[in-house]
2 protein chains.
Amino acid sequence: MSDDSGMTRGRATAEMVAQRANVSRVAVSRAFNPHTSLKPEKRDLILRIAQELNYTPDRAARALVSGRSHLVGVIVPDVCSHWESQEIDALTTALQNEGFATLLFKTRTDYSMDEKLLAYMRGFNPDSVIAFVENVKPTTLARFLDRAVPIYVHYPYPGETDDAEAGPLHDRLNVLQRAGIEQAVALLQGYGAQRIAYVSGLGKSRANTAREQMLRTVMAERGLPPPVIAPSDYSYDMAYAATLDLFRIGQGADAIFAANDVGAFGVLDALRHELGLRVPEDVKVVGFDDIAQSHWKSYNLTTVKFDLEERVRALVRLILRRLNNPAAPALQETLQTRLVVRGTVG
Amino acid sequence: MSDDSGMTRGRATAEMVAQRANVSRVAVSRAFNPHTSLKPEKRDLILRIAQELNYTPDRAARALVSGRSHLVGVIVPDVCSHWESQEIDALTTALQNEGFATLLFKTRTDYSMDEKLLAYMRGFNPDSVIAFVENVKPTTLARFLDRAVPIYVHYPYPGETDDAEAGPLHDRLNVLQRAGIEQAVALLQGYGAQRIAYVSGLGKSRANTAREQMLRTVMAERGLPPPVIAPSDYSYDMAYAATLDLFRIGQGADAIFAANDVGAFGVLDALRHELGLRVPEDVKVVGFDDIAQSHWKSYNLTTVKFDLEERVRALVRLILRRLNNPAAPALQETLQTRLVVRGTVG
DNA sequence: ACGGAAAGTGAAAACGTGTTCATTCTTTGA
DNA sequence: TCAAAGAATGAACACGTTTTCACTTTCCGT
């Protein structure tokens, strides 16, 4: 009774709009595509009737012929990990503004992107894929994403050239960690810290290894002994346990870098609530990320900040540029880091 | 050189597989659809060749003819809100196991689902939509989702029948808050709490109003004076500020309910780090959700738990049942709550 | 008023799949 | 051995769009 328009499958089609507007179905198509020639008044009429009928071009059909799904695949090990959830949030907003949608997939928490998942994602025909997870060979990824364009988030090692010279083989966002780490080490050194420990991220993760090596390099340059490594996996619980081990089994430390902010929270809680140490008086703590929680009063964390907004803008820029020009040579964007000083140092 | 199969648009098609296997294109289609009759050895051959060619049926084409996109739309105000990120995480895993993918959309943070966003999402043809955001009229939602099936998360008011009698008009998951709240109030009363405050969620949100009314009802039943309402919006910062107001401008309290765990963190930090009060000695605090962070040592929060795994299973069940039988009468699932006791009470 | 360029138009052909429907091949029971 | 039932098969159509390609109309400068 309520649907008097005689819709076939509950949805209006371009044919119906055309019929009602006394135009051809092609005209309807053109009305919805900006760069086509169609008499303005005709376009207005069609759009008005389309709105009446609640019509929108079917994206499946559109994807079939145009080869564009307007979907961007995102694979993460853990949506609820704070940094990643904030990145997904910002990314979804940005993509939404550009007419895309975020397609979410979960891999195992060990940061491995197995082939089965890649094949599964491939079935949905994403236009682009953001590879936060670096533990997949580019050739493997390329084989599984025939049409989709992968965008890599890349953390250069200390030796690697930071600049775009001898351009990268794949589209990527380079995150330069040196600046933020230098500022942090300088600050710690200024307060007299000597024995600095690193509560690591997941060992296999490139973000982690690059972070650790950069820290080691910067400390060496400033004449500090190499950092003690306390293995962890980015999680609160592991960082908590690693900190206990560091002080009960190991030699302790007078300053601790955590591979991420959440890990730093675990370090802080272990120091204060289990080891009875004061921060920053007895031990100083620095994290990585600068997530929203880091300014919470219980933690008030000094941390190396990755600018989330800037990072997401760069990613979207990479995607759009690649989609507009599939044949262009590999693209690159660069992102700096800096230290945000709060209460856990000095 | 590497792609000798002569692919058209970078992707193998059913026709190519058919040609290479000396069968018709229809046979290839049948090989990928379980409930069709095809000689087993033929099916094996086709699947083997398909794997060689890295072929998977195009989901866009499949969606076009079958009317199923295998996408589930999820609209949230804030992906990085802890509870929601954990729910999205679990939901994505569960949907992935059933052959679906999560399509993410962001609305404004005020929990309003505006028509523009609904129309935008509709364009992607989701098979189902999970309406976490309750501030949209079912009729409006239905109008914007011609083919997609909406699933509502519903928080009954104290007066509403909890049971399925006189069945609901729409598919929905009923979250019964009474049990958990009763346990919490009983515990607080046992410790002698009298002046209980409620640091609210976003006023317009139904989850919040239902929570508040249920608390009020349970307290009245146990002979307690009505709770003092400190308006907030689920965020840490607002809860922090609301707590300061409660004690500096208002009358204070000897126990505080926060509408969610993140809000409770704000309450705790305000009490301890700014007002110089002890928890649980001076003030007791109870949250809602039981997110992963609630067991962190700095907070160690007593909270009313929503079982996330159970909740996600129920949602997926609702979706699958509805998709298997579109004409079935409205479905319903029910979820209980219970108190998890940690360090912020007694 | 005229020629040519530009804009506007719709029929037909894609895009890659699932489904229907006759037809052929195989099996089964007596 | 035969008829009938069932399984296997492929041609043709359907799904809802965009794109190409001729064709018609409008616009503009002289």
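Lettering of chains follows the sequences in order, A, B, ..., and the numbering in each one begins at 1.
- Regarding B/D44, its CG atom lies at a distance of 13 Å from the P atom of D/dA8, rounded to whole Å.
- Among the heavy atoms of the strands lying under 4.0 Å from B/Y55 are primed sugar atoms or P, OP1, OP2 only; no base atom is included.
- Across D/dT9, C/dT19, D/dT17, the shortest atom-to-atom separation from the side chain of B/N33 is found for C/dT19.
- Residue A/S24 has a polar side-chain atom (N or O) positioned under 4.0 Å from OP1 or OP2 of C/dG10.
- Between the P atom of C/dG16 and the CG atom of B/L64 lies a distance of 12 Å, rounded to the nearest Å.
- OP1 or OP2 of C/dT17 lies within a sub-4.0 Å distance of a side-chain N or O belonging to B/T13.
- For B/A61, taking side-chain heavy atoms from C-beta onward, the closest of the listed nucleotides C/dT17, C/dG8, D/dG10 is C/dT17.
- In terms of position along DNA chain C, the nucleotide closest to A/A27 lies nearer the 5' end than the nucleotide closest to the other residue of the pair A/A27 and B/E15.
- Using a 4.5 Å heavy-atom threshold, the side chains of B/L308 and B/W83 count as touching.
- Out of C/dG10, D/dG10, D/dC15, the shortest distance to the side chain of B/R30 is found at D/dG10.
- Within 6.0 Å of CD on B/Q51 lie no more than 12 heavy atoms contributed by other residues, nucleotides or ligands.
- The side chain of A/R25 lies closest to C/dA13, out of C/dG18, C/dA13, D/dG16.
- Side-chain atoms of A/R122 and B/T56 form a donor-acceptor pair, as typed in the model, at a separation below 3.5 Å.
- Within the cation-pi definition used here (under 6.0 Å to the ring centroid, within 45° of the axis), B/R59 qualifies as a partner of A/F124.
- Between the CZ atom of B/R59 and the P atom of C/dG18 there is a distance of 11 Å, rounded to whole Å.
- Ranking C/dG8, D/dT9, D/dT19 by closeness to the A/P40 side chain, first place goes to C/dG8.
- Neither OP1 nor OP2 of C/dA7 sits under 4.0 Å from any side-chain N or O of A/K42.
- Picking from D/dT17, C/dT17, D/dT9 the nucleotide with the shortest atom distance to the side chain of B/L38 gives D/dT9.
- Side-chain proximity of A/V26 to the nucleotides C/dA11, D/dT18, C/dT17 is greatest for C/dA11.
- Below 30°, between 30° and 60°, or above 60°: for A/F32 and A/Y55 the angle between ring planes is above 60°, a perpendicular geometry.
- Which of C/dG18, D/dG16, D/dT9 sits closest to the side chain of B/K39 comes down to D/dT9.
- Residue-to-nucleotide contacts include no donor-acceptor pair under 3.5 Å from the side chain of A/R43 to the base of C/dG8.
- Judged by atom type and distance alone, B/R11 does not reach the base of C/dG16 through any side-chain donor-acceptor pair under 3.5 Å.
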